[in-house]
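Along the sequence shown, residues are numbered consecutively beginning with 1. Below, all heavy atoms of this structure are taken into account, side chains as well, without hydrogens, waters or symmetry copies. In this text, all values refer to a predicted model and were calculated from it rather than measured experimentally.
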Amino acid sequence: MEIIQVVGLGLIATFLILVIKEQKPVFAFLLATFTGVVIFLSIVGKIADVITMLTKLADKAQVNSIFLETVLKIIGVAYIAEFGAQVTRDAGQGSIASKIELAGKILIMVMAIPVITMMIETVVKILPS
């Protein structure tokens, strides 16, 4: 039922933003940003639960913790870049939002290099010489 609270908050904030936007656009932007942060903070506990569960599963499967940490960092970078780009786009700065998305993609690529390298090395070891 938490989704009902999130959607309700989003709808109320949207209504208030539409009312305030014509008189005080800066306050409307701040309200939109604040609402986004509140929604994000309301689900942080769920994210922590997912990370805990994935860590337990990785331990049971005897997966190298470096892989899981890297994947979780990549997911985190993707979410943070997306949130930042959306807030920037809401402020009317689409070009900066595009640069944030590009930076996120490049950081993800850089972070994935060790995992890709290990996968290629594993495949090369498996192939007959």
Q) What distance do Ile39 atom CD1 and Ile43 atom CD1 have between them, rounded to the nearest 0.5 Å? A) 8.5 Å
Q) So if you build clusters from Ile, Leu, Val, Met, Phe, Trp, Tyr with side-chain heavy-atom gaps below 4.5 Å, do Ile20 and Leu30 land together? A) yes
Q.
I need the Lys56 NZ to Leu54 CG distance, nearest 0.5 Å.
A. 11.5 Å
Q | Reported OG1-to-CD distance for the pair Thr55 and Glu69, which is rounded to 0.5 angstrom | A | 8.5 Å
Q.
Ignoring hydrogens, what is the shortest heavy-atom contact between Ala91 and Phe29? Give both atom names and the distance.
A. CB-CE1, 3.4 Å
Q) Considering all heavy atoms of both residues, which atom of Gly104 and which atom of Ala81 are nearest to each other, and what is their separation? A) CA-CB, 4.0 Å
Q) Cluster question for you: counting only ILVMFWY and a side-chain heavy-atom cut-off of under 4.5 Å, with indirect links fine, are Leu16 and Val19 together? A) no
Q. Looking only at heavy atoms, what is the nearest atom pair of Ile108 and Ala78, with distance?
A. CD1-CB, 3.9 Å
Q | Exercise: identify the closest heavy-atom pair between Ala85 and Ala97 | A | O-CB, 3.3 Å
Q. Distance from Lys105 atom NZ to Leu102 atom CG, nearest 0.5 Å?
A. 7.0 Å
Q) Where do Gly84 and Thr88 come nearest, in terms of heavy atoms and distance? A) O-OG1, 2.7 Å
Q. Mind checking whether Leu68 and Val63 have side chains closer than 4.5 Å, heavy atoms only?
A. no
Q. Salt-bridged, Glu82 to Arg89, with N to O below 4.0 Å?
A. no
Q) Should Phe27 and Ile17 count as side-chain neighbours, where that means a heavy-atom distance under 4.5 Å? A) no
Q: Please round to the nearest 0.5 Å and tell me the distance separating atom CD of Gln86 and atom CD1 of Ile100.
A: 10.5 Å
Q) Would a hydrophobic clustering, with Ile, Leu, Val, Met, Phe, Trp and Tyr connected at side-chain separations under 4.5 Å, put Val124 with Ile116? A) yes
(Q) Could you tell me if the side chain of Thr70 sits less than 4.5 Å from the side chain of Phe67, heavy atoms only? (A) no
Q.
Just checking Ile66: does its CD1 atom have more than 12 heavy atoms from other residues, nucleotides or ligands closer to it than 6.0 angstrom?
A. no
Q: Look at the side-chain heavy atoms of Ile, Leu, Val, Met, Phe, Trp and Tyr, link any pair under 4.5 Å apart, and say whether Val44 and Ile51 land in one connected group.
A: yes
Q) Can Leu41 be reached from Ile47 by stepping across I, L, V, M, F, W or Y side chains whose heavy atoms are under 4.5 Å apart? A) yes
Q) What residues form a salt bridge (Lys or Arg N to Asp or Glu O under 4.0 Å) with Lys46, not counting sequence neighbours? A) Glu2
Q: Answer yes or no: are there more than 12 heavy-atom neighbours, outside Phe40 itself, under 6.0 Å from its atom CZ?
A: no
Q: Heavy atoms only: give me the nearest Ile74-Met111 pair and the separation to one decimal.
A: N-CE, 3.7 Å
